[in-house]
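Here the structure is laid out as C-alpha cells; the discussion comes afterwards.
For this chain, numbers begin at 1 and follow the sequence in order. From a predicted model like this one, the values you see are computed outputs, not experimental measurements.
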Amino acid sequence: MASEPEVPANHDENRRTFLKQSSLLTALAFVPGTVVEAAAGKLDERVAEAFEQVPLSLKVNGVRHKLKVEPRTTLLDLLRENLNLTGTKKGCDYGQCGACTVHVDGQRVNSCLSFAVMHDGKEITTIEGLADGDKLHPMQEAFVKHDGFQCGYCTPGQIMSAVACVREGHAGSEGEIREYMSGNICRCGAYTNIVAAIQEVKDGGKKV
C-alpha cells in the first residue's frame, strides 16, 4: 500500500492566509475608488463628528459664547480645551477631588462629572471670573493671607467651593466648614489654613 505524501506542518496556515488575501483583493476590486480614498482619509469619522455636534450657548465669566460641541464633552473639557480657561483643574475625573469646581447659576458643580450640553443657556463662573479685574476677590485675598495653598493645584477648586460654602450659609463653625468643604482634597494638607481663610471672610462680612 502506497503511503500518502507528507504535508508540511504549516500547509493549512499558509492556505488560510492565501485565501484571506485573495478575498481582500477581490473585495477591493469591487469597491469604488472614492470610497477607498474616503476611508484612507477618515472622511467618515469627520462627517460623523460634524453630525454629532450640537449647538450650545453659555455665559462664562460674563461673556456669552455660542459653540458646537459633541454631546459627550464635559463642562471641564469645554472650559479648558474650547475656551482656554485652564484655571479650572483636571484632578481625578471622578468627582472625588474637587479641583474642577465651578459655579453654575451660583451653585457649585464638579465640572468633570457634568456634560456641557446640560448647561445650555446657563451662567458659568470659573476662578478666572471671580476677581474684579486686578482686584482679588475677598476669598482669594484671604487664601493668600492665611497661606491656604502650597502647590496650588487644588486652590482654584478650593476657592470656588469656599465662596459657595459662605454663600450657602455653611460657614458657621470650623466643624461645619470642614464638613461642607470635604469634597475638596488638598494633598499638601493645608486644611487648617483654608478653614481660617473661610472664617475670616465669613466673619468680615464682605460680599462674596
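Separating the OG atom in S161 from the CD1 atom in I194 is a distance of 10.0 Å, to the nearest 0.5 Å. Atom CD of residue Q199 and atom CD1 of residue I177 lie 4.5 Å apart, to the nearest 0.5 angstrom. Rounding to the nearest 0.5 Å places NZ of K89 at 12.0 Å from SG of C97. Distance check, rounded to the nearest 0.5 Å: NZ of K59 to CD1 of I124 gives 12.0 Å. Distance CG/L79 to NE2/H65: 9.0 Å, rounded to 0.5 Å. Summarising the geometry, atom CD1 belonging to I127 is positioned 10.0 Å from atom OG1 belonging to T101; distances are rounded to the nearest 0.5 Å.
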- Given side-chain contact (heavy atoms from CB on, under 4.5 Å), test L76 with L78 step by step and report yes or no. CA-CA 5 Å; L76 173 60; L78 175 78; over 6 Å; no

- Task: Begin with the C-alpha distance, continue with both residues' side-chain angles, and end with the deciding distance and a verdict on side-chain contact (heavy atoms from CB on, under 4.5 Å) for M181 and I198.
- Result: CA-CA 10 Å; M181 288 292 293; I198 296 172; 3.8 Å; yes

- Task: Given side-chain contact (heavy atoms from CB on, under 4.5 Å), test N84 with E128 step by step and report yes or no.
- Result: CA-CA 11 Å; N84 200 33; E128 291 92 343; over 6 Å; no

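Other residues, nucleotides and ligands contribute at most 12 non-hydrogen atoms within 6.0 Å of the CZ atom of R187. At most 12 heavy atoms of other shown residues, nucleotides or ligands fall within 6.0 angstrom of atom CZ in F115.
The shortest heavy-atom contact between S111 and V102 is CB-CG2, 4.0 Å. Shortest non-hydrogen contact noted between N184 and Y191 is O-CE2, 3.9 Å. Shortest non-hydrogen contact noted between H103 and A164 is NE2-CB, 3.9 Å. Shown here for L113 and G95, the closest heavy-atom pair between the two residues is CD1-CA, 3.6 Å. The shortest non-hydrogen separation linking A171 to K202 is O-CD, 3.6 Å. Between H137 and V163, the closest heavy-atom pair is CE1-CG2, 3.6 Å.
Between R72 and E52 no salt bridge is recorded (no basic side-chain N to carboxylate O distance below 4.0 Å). Ion pairing between K145 and E141 fails under the 4.0 Å rule for side-chain N and carboxylate O.
A side-chain N or O of T126 and one of N61 form a donor-acceptor pair less than 3.5 Å apart. For the residue pair S114 / H119, a side-chain donor-acceptor distance below 3.5 Å is found, with atom types taken as modelled.
Residues T74 and C112 fail the side-chain proximity criterion, which asks for heavy atoms closer than 4.5 Å. At least one side-chain heavy atom of R108 sits less than 4.5 Å from a side-chain heavy atom of E168.
I159 and L85 are assigned to two separate hydrophobic clusters, defined by single-linkage of ILVMFWY side chains at heavy-atom distances under 4.5 Å.
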